[in-house]
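All values derive from a computational prediction rather than experimental measurement.
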Amino acid sequence: MPDNTFDAIVVGSGISGGWAAKELCEKGLKVLLLERGRDLVHIKDYADSNKPSWDYSHRGGRTQKMIEEYPVLKRDYPLNERNLDYWAKDSECPYTEIKRFDWYRGYHVGGRSLMWGRQSYRWSEFDFEANAKDGIAIDWPIRYNDIKDWYTYVEKFAGIQGSVENLPQLPDSHFLPAMELNVVEKDVAARIKKYYDNKRTLIIGRTAHITAKIPGRELCQYRDMCWNGCPFGGYFSTQSSTLPAAVATNNLKLRPFSIVTEIIYDKDTQKAKGVKVLDAETNQTYEYYSKIVFLCASSFNSAWVLMNSATNIWPDGLGSSSGELGHNVMDHHFRVGADGDVEGFDDKYYFGYRPTGFYIPRFRNLFGEKRDYIRGFGYQGSASRQGWSREVAELNIGAELKDALSEPGPWRIGATAFGEMLPYHENRIFLDKSKKDKWGLPVLAMDIEIKDNEKKMRVDMMNDMKEMLEVSGIKNIKTNDNLYAPGMGIHEMGTARMGKDKKTSVLNAHNQVWDCKNVFVTDGACMVSASCVNPSLTYMAMTARAANFAVSELKKKNL
């Protein structure tokens with residue numbers, strides 16, 4: 001096989017791309033994995049994985065220079081001194097905001113699998129049926145039963161800790177032993193369960209941290225330094241999990257600094273022949289060929305590649321024949337909730353830094369309950385004691401201050417709601433050819449906003465948390481509805497949705513591009529609706545399912 005020819009090409013090395021590479025390699029295909037950014041080697045390149053905040057020049061915070069150089073990243077928590085080099089540079093990778101959109105990206109091997117929040121939840125049948133029942137957008141081409149076995153498959157490999165709850169709106173995963181709620185969270189959970197007659201539930205947040213041994217990885221160390229890269233492999237990432245598995249097959253070639261500029265489309269065969277790559281270091285262009293292409297560059301970048309491909313046949317790009325490419329953008333709207341003071345637990349402590357909090361699953365618009373909006377939301381939160389950095393207004397100098405700060409501060413508890421955003425056709429991205437990035441490539445323009453349904457939901461997202469804290473005996477409760485802009489959830493979805501009809505969707509039920517059956521898109525671009533739970537576990541399952549189908553079709557000579 002020539003050096004530039006492979007059985008499969010995978011574009012992007014994040015959560016979806018890592019899974020695609022692993023599955024295709026393990027099924028015997030020779031695979032080229034392309035990443036637009038630098039290589040980032042597990043353990044060796046986690047330079048600050050053991051560096052505490054006090055060893056940073058600015059205690060891990062942000063400087064005025066950083067704020068000036070990162071006008072988008074500064075809008076929220078990603079701008080910090082601890083892992084700044086994990087995030088794409090705003091100056092090199094600009095975009096156009098028709099309406100404000102906060103786009104936080106990681107361009108390196110592993111992508112955002114190194115920086116994700118690791119919250120891992122299955123979607124339920126309610127989620128896959130929602131569009132059809134509500135008459136919104138289009139129906140999903142699959143149902144929970146089509147993917148539930150794939151959830152189990154990826155969970156066994158990735159390692160998901162959590163508790164069995166038997167909730168129809170939040171199906172249980174194949175769990176490793178659950179991390180524990182702390183004493184205050186257990187008390188509040190019991191009070192909520194009793195007051196709401198078990199209709200609302202506070203459980204441990206389900207995350208991709210291993211609490212039982214998985215080969216090649218060590219248990220989570222409860223350091224909560226995940227964003228610096230985990231040298232123990234305590235959480236799932238491409239580096240700790242899928243990439244080593246792919247490498248072990250001897251079927252993988254990894255090429256970093258490789259910006260895929262287009263898919264090479266053969267109009268005679270109506271198939272993709274491969275991809276064009278711009279070397280990010282030398283600016284030279286290369287072509288690589290394959291039987292199948294898995295596009296896993298993240299929702300917006302995958303759409304960008306499609307928009308740049310086969311434009312001599314479809315002016316708006318490969319997969320645009322339905323008019324849906326780039327449309328139906330979704331995120332999870334959040335930054336709204338409540339918190340307060342907890343009394344009566346000053347003699348109670350906890351140890352270590354648990355890398356998850358609690359979760360309160362969706363309870364609105366379920367089981368016959370109706371609100372003045374559709375869909376729902378869940379909460380992520382925690383209870384903790386304040387530490388040495390707290391303010392003690394009454395003791396601001398001298399020995400009394402030192403004595404006060406040698407003891408843990410008071411307990412507080414709070415939570416932020418994550419709400420579902422509907423797939424509005426007019427929420428879209430498109431190419432802005434008047435603006436170029438560092439490499440002279442056209443950038444994306446964002447025209448996305450939340451609408452009345454989400455705004456109505458946010459009222460409940462705030463007030464419901466306040467009520468739950470009140471009935472739990474929490475004092476001095478404060479509600480908050482902080483500024484949210486689309487993108488801040490870092491859960492962008494929907495730009496190349498799946499569907500049953502090629503006239504209304506970009507992909508079919510197996511994640512194949514309708515217009516080009518040997519191209520598969522399995523990242524957030526494929527999503528038809530957003531649910532209210534974190535989507536990464538679903539991307540993993542979708543990717544494994546599509547890879548299995550693709551190899552089967554190759555063997556049947558259908559691709």
Side-chain angles (χ1 to χ4, degrees), residues 8-12 14 16-17 20 34-36 93 95-96 103 105 111 258-267 269-278 287-288 290 292-330 423 425 427-433 437 439 441-448 492-499 502-528 539 542-543 546 550 559:
I9 293 172
V10 177
V11 183
S16 302
L34 297 169
E35 167 55 51
R36 66 174 291 152
C93 308
Y95 58 98
T96 300
W103 194 16
R105 297 152 286 171
S258 300
I259 303 173
V260 174
T261 57
E262 68 176 277
I263 293 169
I264 304 169
Y265 180 76
D266 186 333
K267 65 180 181 180
T269 62
Q270 298 183 344
K271 293 179 183 178
K273 297 196 306 184
V275 299
K276 285 187 179 180
V277 167
L278 178 67
E287 293 187 358
Y288 294 95
S290 65
I292 57 174
V293 175
F294 265 67
L295 197 48
C296 305
S298 81
S299 181
F300 284 11
N301 283 321
S302 289
W304 182 93
V305 172
L306 291 172
M307 291 173 185
N308 274 292
S309 304
T311 53
N312 59 324
I313 299 171
W314 299 280
D316 294 325
L318 182 64
S320 67
S321 62
S322 65
E324 297 298 334
L325 180 61
H327 291 269
N328 316 297
V329 173
M330 299 167 285
H425 177 79
N427 277 349
R428 64 173 186 142
I429 60 173
F430 57 94
L431 291 183
D432 179 359
K433 296 182 180 180
D437 66 11
W439 298 274
L441 299 169
V443 305
L444 286 172
M446 319 294 193
D447 188 4
I448 302 152
E492 62 269 20
M493 294 176 264
T495 55
R497 70 185 180 190
M498 301 167 70
K502 66 182 301 181
K503 295 179 181 178
T504 58
S505 57
V506 179
L507 312 173
N508 67 14
H510 297 287
N511 298 82
Q512 292 172 284
V513 176
W514 285 108
D515 298 332
C516 186
K517 291 292 185 68
N518 65 335
V519 174
F520 295 77
V521 184
T522 66
D523 56 23
C526 76
M527 305 299 269
V528 187
Y539 302 165
M542 288 281 197
T543 303
L559 293 179

Met527 side, atom CE; Tyr539 side, atom OH - distance, nearest 0.5 Å: 5.5 Å
Contact summary for Trp314 and Ser321, nearest pair of heavy atoms: NE1-CB, 3.9 Å
Quick one: CD on Gln270 to CG on Asn518, what's the gap to the nearest 0.5 Å? 11.0 Å
Taking C-beta and beyond as the side chain, do Lys517 and Leu559 meet within less than 4.5 Å on heavy atoms? yes
Backbone N or O of Ala297 within a donor-acceptor pair of the Asp523 side chain at under 3.5 Å? yes
Checking the side chain of Arg497 only, and the main-chain atoms of Thr504 only, is there a donor and an acceptor separated by less than 3.5 Å? yes
Please report the C-alpha distance between Phe300 and Val329 in whole Å, then the side-chain angles of each, then the deciding distance to 0.1 Å, and finally whether the side-chain contact (heavy atoms from CB on, under 4.5 Å) criterion is met. CA-CA 9 Å; Phe300 284 11; Val329 173; 3.7 Å; yes
Side chains of Asn508 and Lys502: closer than 4.5 Å at any heavy-atom pair? no
Do Ile292 and Val519 come close enough that some side-chain heavy atom pair is under 4.5 Å? no
Which word best sums up how the rings of Tyr95 and Trp103 line up, parallel for under 30°, tilted for 30 to 60°, or perpendicular for over 60°? perpendicular
Are the side chain of Arg105 and the backbone of Cys93 linked by a donor-acceptor contact shorter than 3.5 Å? yes
Kindly determine whether Tyr288 and Lys276 satisfy side-chain contact (heavy atoms from CB on, under 4.5 Å), including the steps that lead there. CA-CA 7 Å; Tyr288 294 95; Lys276 285 187 179 180; over 6 Å; no
Run Glu324 and His425 through side-chain contact (heavy atoms from CB on, under 4.5 Å) and show every step you take. CA-CA 8 Å; Glu324 297 298 334; His425 177 79; 3.0 Å; yes
May I ask you to test the Glu262-Thr311 pair for a side-chain heavy-atom distance under 4.5 Å? no
Closest non-hydrogen contact found for Ala509 with Met498 is O-CE, 3.4 Å
Got a second to check how far Lys273's NZ is from Ser290's OG, nearest 0.5 Å? 11.5 Å
Is any side-chain heavy atom of Asp316 closer than 4.5 Å to a side-chain heavy atom of Leu431? no
Heavy-atom closest pair (Ser302 atom, Leu295 atom, distance to 0.1 Å) is O-CD2, 3.5 Å
Can you tell me if Asn511 uses its side chain to pair, donor with acceptor, with the backbone of Val521 under 3.5 Å? yes
To the nearest 0.5 Å, atom CG of Asn328 lies from atom OG1 of Thr495 at 9.0 Å
If you define the side chain from C-beta out and look only at heavy atoms, does anything of Thr261 sit under 4.5 Å from Trp439? no
Closest heavy-atom pair, Ala496 versus Leu507, reported as atoms and distance to 0.1 Å, is O-CD1, 3.1 Å
Within this structure, what is the CG-OG distance for the pair Leu34 and Ser258, rounded to the nearest 0.5 Å? 5.0 Å
Give me the atom names and distance for the closest heavy-atom approach of Gly494 to Ser299. N-OG, 3.7 Å
Does some side-chain heavy atom of Asn308 sit less than 4.5 Å from a side-chain heavy atom of Pro442? yes
May I have the step-by-step check of side-chain contact (heavy atoms from CB on, under 4.5 Å) for Val506 and Ser322, ending in yes or no? CA-CA 7 Å; Val506 179; Ser322 65; 4.2 Å; yes
Measure across Ser16 and Thr522 and return the closest heavy-atom pair with its distance rounded to 0.1 Å. OG-O, 3.5 Å
CG on Leu325 to CH2 on Trp304, rounded to 0.5 Å: 13.0 Å
4.5 Å side-chain heavy-atom contact, Ile429 and Met307: yes
